[in-house]
Amino acid sequence: MSKLKFNITGPCIPGDHYMLDPMRGIGGELMDLIDDKEYFIIHAARQSGKTTLLQELTRRINAHGEYYALYCSLEAIQELTEPEKALPEIIEKIKSYIDIQGLPAGFAKDANYKNFSGVLKTSLVNYCRTLDKPLVLFFDEADCLSNGTLITFLRQLREGYISRGMAPFIRSVALVGMRNIRDYKAKIRPESQTLGSASPFNIVKESFSLRNFTKEEVAELYGQHTAKTGQKFEPDAIDHAFEQTQGQPWLVNAIARECVDKITKKDYSIPITFDSIEQAIQNIVLARGTHFDSMMERLKEPRVRNVIQPLVLGEEIASRRSDDYLYTRDLGIIRDDGGITRPANPIYAELIVRTLSWDVQDVISSTREEYAMPRYIKNGKIDMEFLINDFQQYWRENSEIWKKRYQTELYEYDEAAPHLVMQAFLQRIINGGGQIIREMALGSKRTDLCVVYNEQKYPIELKILQNQKSLGQSLKQVSEYMDKVGSDTGWLVIFDKDDTKSWDEKIYLKKESFEGKTITVAGC
């Protein structure tokens, strides 16, 4: 029986986990920077392989023997907001990692912790004097340091860097975390309007972001399991796993582990199919593990909300070079797809909407039992007109309540409330055996949904009413989406936010013919 497993907790360990070469595609560049005595940043989203890369890089450098390499995580320091308390803890953390990794002893043995603004630099200078080889230092989770601690920490690294001609210091430093160098600056600028000519950031040479797995790499990772156990991943299963994850490492591993351990129950004679992957995705989404919770907690941050709310609505944002946009992208929540901004992958799209509409689903579930799937099924098909009629009535009765709740309680996504309540309504009634495929993109002026039930597809487009002249363009967009999903009927739901209109004016249901297709237009 295989002892290897797909890893979903912590860094990958050779011999314990199926894993790809952590340094693929980036190792040569990193070693060039180290050889050139440069300081640099590595940033990527949570659980995308940063720590695995650093630990492997540390191992290889030490094995080669030209330099000493030290890995040090600063995650435990994040709660210390005062530099005079945090810097001694950073030094103790470095000392601990030196001992764990078997580097020469003697670091900070005479450290003067009262001099917190210089003790790190002094300790590193004195330690480097005792070494017979240059030191390379990798600081993991560096971006978790609080503002004042971060400035003091970086300034001491800078002082050591610029005085390397007079006193030995670290040959090369990597700061590693979720944030790019741009966001380090944005994080501390409110406390200091100008960082001056002695900015602690002007010693950073390069900034790297780790990429996701390619489809070929997903196949290679899954192939390791097949080679070890004989259990096959069908080609369409691998394709589906990649399409749904876009190669996000944690998701790729989590889906495979769910298939192997839970769905096939480690019976390696059972092949993993497209349906296995789909079931695994639904299982891990419903489980809402810590990976999802920690990422979705970011939706509450104003900077992330400034990007995600327009994304849900299909609206544009002022600039895709803004700090808010780049920060949200660096967190791994969104991606650039050929000039179009979408959720980072379909699973995250599902989680974004589910997270923002969870309370609505709970309320509908507990107060309106009639909104259950059997109500809308006729001859094995969804009576979509009946369903939308029900939603129109629900929106008429409850829209003001939900708008206020989204403004004050639910993440402050009040502009997106119509779309989120509609999707919560749909989610509630398809939990009985259907699926919702969501397509969101900045600047699209709409949200496209495809309800799938009993192999039937029901394309729905959600829009905020801009002006009456936009109806023709909206019908064209629905028609194109119908072609994409392969349906000859479609639905367009238009939310009218004009408070001067009565509900009788806003609520309507009419059929339009466009290019030989029937489109039902519903006003809300």
Side-chain angles (χ1 to χ4, degrees), residues 6-14 17-34 38-61 69 71-75 136-144 172-184 204-222 224 241-242 244-256 291-292 294-295 298 304 325-337 341-345 347-348:
F6 291 100
N7 183 32
I8 58 173
T9 54
C12 290
I13 301 172
H17 303 126
Y18 299 116
M19 59 185 292
L20 303 175
D21 180 0
M23 295 177 63
R24 68 195 186 286
I26 195 174
E29 291 181 86
L30 298 182
M31 286 309 305
D32 286 346
L33 287 170
I34 291 168
E38 302 290 1
Y39 288 19
F40 55 95
I41 280 177
I42 301 173
H43 68 97
R46 280 179 53 82
Q47 294 178 303
S48 56
K50 299 185 297 295
T51 302
T52 300
L53 168 66
L54 293 183
Q55 293 185 356
E56 178 62 15
L57 187 58
T58 300
R59 186 192 68 78
R60 292 191 192 185
I61 291 173
Y71 167 88
C72 178
S73 173
L74 301 178
E75 185 175 12
V136 178
L137 222 170
F138 302 122
F139 286 112
D140 202 0
E141 306 288 352
D143 56 343
C144 75
S172 183
V173 171
L175 305 176
V176 184
M178 289 193 297
R179 302 172 190 265
N180 198 345
I181 186 67
R182 171 202 66 257
D183 207 66
Y184 280 85
V204 172
K205 170 71 173 179
E206 296 283 353
S207 181
F208 292 92
S209 179
L210 302 189
R211 63 170 176 81
N212 286 342
F213 298 155
T214 64
K215 183 163 68 173
E216 292 73 23
E217 287 169 340
V218 173
E220 179 186 342
L221 184 71
Y222 289 178
Q224 292 177 16
F242 175 75
Q244 290 294 304
T245 65
Q246 290 298 299
Q248 201 284 335
W250 187 89
L251 289 175
V252 170
N253 278 278
I255 288 170
H291 171 80
F292 294 148
S294 59
M295 190 187 74
R298 299 282 182 173
V304 174
Y325 178 88
L326 296 172
Y327 172 67
T328 306
R329 189 188 66 186
D330 290 347
L331 290 175
I333 300 175
I334 60 174
R335 66 185 171 102
D336 293 326
D337 180 17
T341 300
R342 306 183 189 278
N345 53 66
I347 295 175
Y348 285 2

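Look at Asp330 and Arg298 and you find no salt bridge, because none of the NZ, NE, NH1 or NH2 atoms lies under 4.0 Å from a carboxylate O.
For Asp32, there are no salt bridge (charged side-chain N to carboxylate O under 4.0 Å, His left out) partners, not counting sequence neighbours. Contacts of Tyr325 classified as ring pair (Phe, Tyr, Trp, His ring centres under 6.0 Å), with partners at least two apart in sequence or in another chain: none. In this structure, the ring pair (Phe, Tyr, Trp, His ring centres under 6.0 Å) partners of Phe139, at least two apart in sequence or on a different chain, are Phe153. By the side chain to side chain contact (heavy atoms under 4.5 Å, CB included) test, Asn345 pairs with Gln246, Gln248, Leu251, Ile347, Tyr348, sequence neighbours left out. In terms of the ring pair (Phe, Tyr, Trp, His ring centres under 6.0 Å) criterion, residue partners of Tyr71 (sequence neighbours excluded) are, by chain and number, Tyr97. Among residues two or more places apart in sequence or in another chain, the side chain to side chain contact (heavy atoms under 4.5 Å, CB included) test is passed with Thr214 by Arg211, Glu216, Glu217.
Between Asp140 and Glu75 the shortest side-chain heavy-atom distance does not fall below 4.5 Å. You'll find the side chain of Ile26 reaches within 4.5 Å of the side chain of Leu53, heavy atoms only. Side-chain contact check for Leu221 versus Asn253: some heavy-atom pair is nearer than 4.5 Å.
Of all the heavy atoms in Pro249 and Asn212, the pair that sits closest is CD-OD1, 3.5 Å. The two residues Ala174 and Phe138 make their nearest non-hydrogen contact at CB-CD2, 3.5 Å. Minimum interatomic distance between His17 and Ile13 (heavy atoms only, all atoms of both residues): ND1-N, 2.9 Å. Residue Phe40 comes nearest to Ser172 through the heavy atom pair CE2-OG, 3.5 Å, listed as atom of the first residue, atom of the second, then distance. Between Ala142 and Leu74, the shortest heavy-atom distance links the atoms CA-CD1, 4.1 Å. Considering every non-hydrogen atom in both Phe242 and Lys215, the closest pair reads CE1-N, 3.4 Å.
Trp250 places no side-chain N or O within donor-acceptor distance of the main-chain N or O of Ser48, the cut-off being under 3.5 Å. At least one donor-acceptor pair under 3.5 Å links the side chain of Lys50 to the backbone N or O of Ala45. Side-chain N or O atoms of Thr52 include none that pairs as donor or acceptor with a backbone N or O of Pro11 at under 3.5 Å. Checking side-chain atoms of Gln224 against main-chain N and O of Met19 turns up a donor-acceptor pair under 3.5 Å.
Taking CG of Leu54 as the reference point, atom CD1 of Ile42 lies at 5.5 Å (rounded to 0.5 Å). Here CD1 of Ile34 is found 11.0 Å from CG of Leu137. Values are rounded to the nearest 0.5 Å. Of the inter-residue distances, the one linking Ile334 atom CD1 with Thr341 atom OG1 reads 5.5 Å to the nearest 0.5 angstrom. Atoms CG and CD, on Leu30 and Glu38 in that order, are 12.5 Å from each other to the nearest 0.5 Å. Expressed to the nearest 0.5 Å, how far CE of Met23 lies from CE of Met31 amounts to 7.0 Å. The distance from atom OG1 of Thr58 to atom CD of Glu56, rounded to the nearest 0.5 Å, is 9.0 Å.
Note: Phe6 and Tyr222 have perpendicular aromatic rings, judged against thresholds of 30 and 60 degrees for the angle between ring planes.
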